[in-house]
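Right, one structure below, let's go through it.
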Amino acid sequence: MKKDRFVFAQLTDFLDRNHFNYLVRKYDGDKYVKHFTCWNQLLVLMFGQLSNRESLRDLIVALEAHHEKCYRLGLGKQATRSNLAKANENRGFRIFEDFAYRMIDEARRRRVTDIFKLDGNVYAFDSTTIDLCLSVFEWAKFRTTKGGVKVHTMYEVETQIPAFVHITPAAVHDVKAMDVIPYEPGSFYIFDRGYNDFKRLYRINVLKSFFVIRAKGNLKYKVVKWKRRLPKNVLSDAEIVLTGYYPSKNYPERLRLIRYWDEEQGREFMFLTNAIGLKALLVAELYKNRWKIELFFKWLKQHLKIKKFWGTSENAVKTQIYVAIITYCLVAVVQHDMQLERSTYEVLQILSISLTDKTPLRNLFDKTDYNDVKERIDNSELLLF
């Protein structure tokens, strides 16, 4: 019965184990494995994410403290430091990458909404850099004495779920990640100023998709048509053609240039878009919502473990990042399915100090006072052990 099951074991019910087993067979993840399977590896890493473990040693110490509970938690009895380190090193990260996309699809399907009343989805695209020690992570060379990886993310603004994740060494320029984005016809893509590559932007236009991007100040163009009767805070709205040699060659069609005054920040923004028929204020609103991806990166780094890694190989780093995405999507699915009137942050914090409790999930969230959780979270080490 659920009252006799640990909270962490109840959480794993929201994972599609049949599909995960299919991926393990597809990539031969459990080939020659007798005890510590890929499923055990996934759950151990998720336990580390949810319980906020700082290092591989820290995670194993926590598991040893709950040694008698490991089997019923689903973690297996062979979760040792050497087993986990070897699994992270040798088992292909694509098992966890594909399963992360499965969880992404589940979370997006559950949290579908239509905030902007547009025919297509709205995505913000950006990247975040995770610094690494070059002497330890030699494969992730960034600068002379610095290493790092970039997590290029396409974030669905309306569902607040990352729809696409691409991991590269930090030395890879942001615009190159635009080549691997799975564009959807009719959808809207929001970019910051660093993605002003007109050849790649024109590809979005050819695919019948739309983009909104902040223009650079040195943009060279010629106005073809002005719009009049502008709404409040819209300084100008015009159709333009690019006049620079390479820009005009790479983007030969008309663009729309909007100058907008942001009263909150007290500054002017200049947007480029190929959505000719969209209202100017909606274009500004779309770009304003690009900030949600920055909040997502901040949330991911502060509340899940993607800054300190439990392995030094490229495979181990990618595995841990994709498991963090799986964990984020799991929390989002639980939040939706149980109709919790709490933020994702609150749900995660409550779970982090309750993984080894034998409390039904519904009772856990109904009876927990979040203010009490904030006071207890600093002492989570004592509560966990």
Side-chain angles (χ1 to χ4, degrees), residues 5-21 23-24 27-100 102-103 300 303-331 333-334 348 351-357 380-381 383-385:
R5 300 181 65 203
F6 295 113
V7 168
F8 184 75
Q10 294 176 56
L11 288 176
T12 60
D13 290 342
F14 292 88
L15 301 175
D16 188 348
R17 185 168 183 177
N18 290 331
H19 185 74
F20 185 82
N21 290 339
L23 295 174
V24 172
Y27 294 107
D28 291 329
D30 282 342
K31 192 174 183 179
Y32 306 124
V33 174
K34 294 182 179 180
H35 301 291
F36 191 64
T37 65
C38 289
W39 179 252
N40 296 142
Q41 180 189 1
L42 171 66
L43 296 192
V44 167
L45 292 174
M46 289 183 65
F47 186 89
Q49 293 284 350
L50 289 169
S51 60
N52 205 26
R53 299 301 92 199
E54 290 290 340
S55 64
L56 184 63
R57 183 186 296 275
D58 189 17
L59 173 55
I60 296 303
V61 168
L63 295 179
E64 288 176 349
H66 297 295
H67 179 72
E68 295 181 355
K69 303 176 184 178
C70 281
Y71 179 77
R72 296 185 65 189
L73 286 169
L75 307 177
K77 294 186 177 181
Q78 302 297 323
T80 64
R81 185 180 178 188
S82 60
N83 282 351
L84 184 56
K86 289 177 181 177
N88 292 342
E89 184 87 17
N90 300 321
R91 294 178 189 171
F93 71 89
R94 296 202 176 277
I95 298 172
F96 305 95
E97 179 185 21
D98 288 4
F99 192 64
R102 176 73 172 201
M103 290 297 297
L300 204 64
H303 307 303
L304 293 177
K305 292 301 171 186
I306 63 167
K307 294 180 72 176
K308 295 181 179 179
F309 290 95
W310 306 328
T312 59
S313 69
E314 182 177 4
N315 189 80
V317 169
K318 289 184 176 181
T319 296
Q320 186 169 332
I321 292 174
Y322 284 120
V323 170
I325 298 297
I326 292 170
T327 306
Y328 177 86
C329 292
L330 174 65
V331 174
V333 168
V334 171
L348 184 65
L351 289 175
S352 69
I353 61 170
S354 308
L355 294 177
T356 57
D357 290 349
S380 60
E381 293 285 343
L383 293 167
L384 187 62
F385 300 130

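F8 pairs by the ring pair (Phe, Tyr, Trp, His ring centres under 6.0 Å) definition with F47, not counting sequence neighbours. Residues meeting the salt bridge (charged side-chain N to carboxylate O under 4.0 Å, His left out) test with D16, sequence neighbours left out: R102. Qualifying salt bridge (charged side-chain N to carboxylate O under 4.0 Å, His left out) partners for R94, counting only residues two or more places apart in sequence or in other chains: E97. Residues satisfying the side chain to side chain contact (heavy atoms under 4.5 Å, CB included) criterion with D98, sequence neighbours excluded, are L23, K26, Y27. Partners of K308 according to the salt bridge (charged side-chain N to carboxylate O under 4.0 Å, His left out) rule, which considers only residues two or more places apart in sequence or in another chain, are E54.
Separating the CG atom in L11 from the CG atom in L43 is a distance of 10.5 Å, to the nearest 0.5 Å. Residue Q320 holds its CD atom at 12.0 Å from CG of N315, rounded to the nearest 0.5 Å. Note that CG of L75 is 10.5 Å distant from CG of L42, once rounded to the nearest 0.5 Å. With values rounded to the nearest 0.5 angstrom, L304 atom CG is found 5.0 Å from Q49 atom CD. Atom-to-atom distance recorded for I95:CD1 and Q41:CD is 7.5 Å, nearest 0.5 angstrom. How far OG1 of T312 is from CD of E89: 5.5 Å, rounded to the nearest 0.5 Å.
Around NE2 of H19, the count of heavy atoms belonging to other residues, nucleotides or ligands within 6.0 Å exceeds 12.
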After noting the C-alpha distance and the side-chain angles of Y328 and L348, does the key distance pass the side chain to side chain contact (heavy atoms under 4.5 Å, CB included) rule?
CA-CA 9 Å; Y328 177 86; L348 184 65; over 6 Å; no
After noting the C-alpha distance and the side-chain angles of L50 and T327, does the key distance pass the side chain to side chain contact (heavy atoms under 4.5 Å, CB included) rule?
CA-CA 8 Å; L50 289 169; T327 306; 3.5 Å; yes
Check the pair M46 / L15 against side chain to side chain contact (heavy atoms under 4.5 Å, CB included), numbers first and verdict last.
CA-CA 11 Å; M46 289 183 65; L15 301 175; 3.9 Å; yes
Might you work through the side chain to side chain contact (heavy atoms under 4.5 Å, CB included) test for N88 and L45, ending with a clear yes or no?
CA-CA 10 Å; N88 292 342; L45 292 174; 3.7 Å; yes
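A85 and L56 get closest at one heavy-atom pair: CB-CD2, 4.0 Å. Between C38 and V24, the shortest heavy-atom distance links the atoms CB-CG2, 3.7 Å. For the residue pair F6 and L355, the shortest heavy atom distance occurs at CB-O, 3.9 Å. V44 approaches A79 most closely through the heavy-atom pair CG2-CB, 4.0 Å. When every heavy atom of A316 is checked against every heavy atom of G311, the shortest pair comes out as CB-CA, 3.8 Å.
No side-chain donor-acceptor contact under 3.5 Å links S354 to the backbone of D357. R91 contributes a side-chain N or O that, together with a main-chain N or O of T37, makes up a donor-acceptor pair within less than 3.5 Å. At distances below 3.5 Å, at least one donor-acceptor pair connects side-chain atoms of N40 with backbone N or O atoms of G74.
Here the side chains of L63 and L73 are not in contact, with every heavy-atom distance at 4.5 Å or above. Put simply, the side chain of N83 does not reach to within 4.5 Å of the side chain of H35, judged on heavy atoms. Taking 4.5 Å as the limit, some side-chain heavy atom of I325 sits within range of a side-chain heavy atom of L300. Taking 4.5 Å as the limit, every side-chain heavy atom of V334 sits out of range of all side-chain heavy atoms of L351.
For the ring pair (Phe, Tyr, Trp, His ring centres under 6.0 Å) condition, the pairs that include at least one residue of residues 77-99, sequence neighbours left out, are F20-F99.
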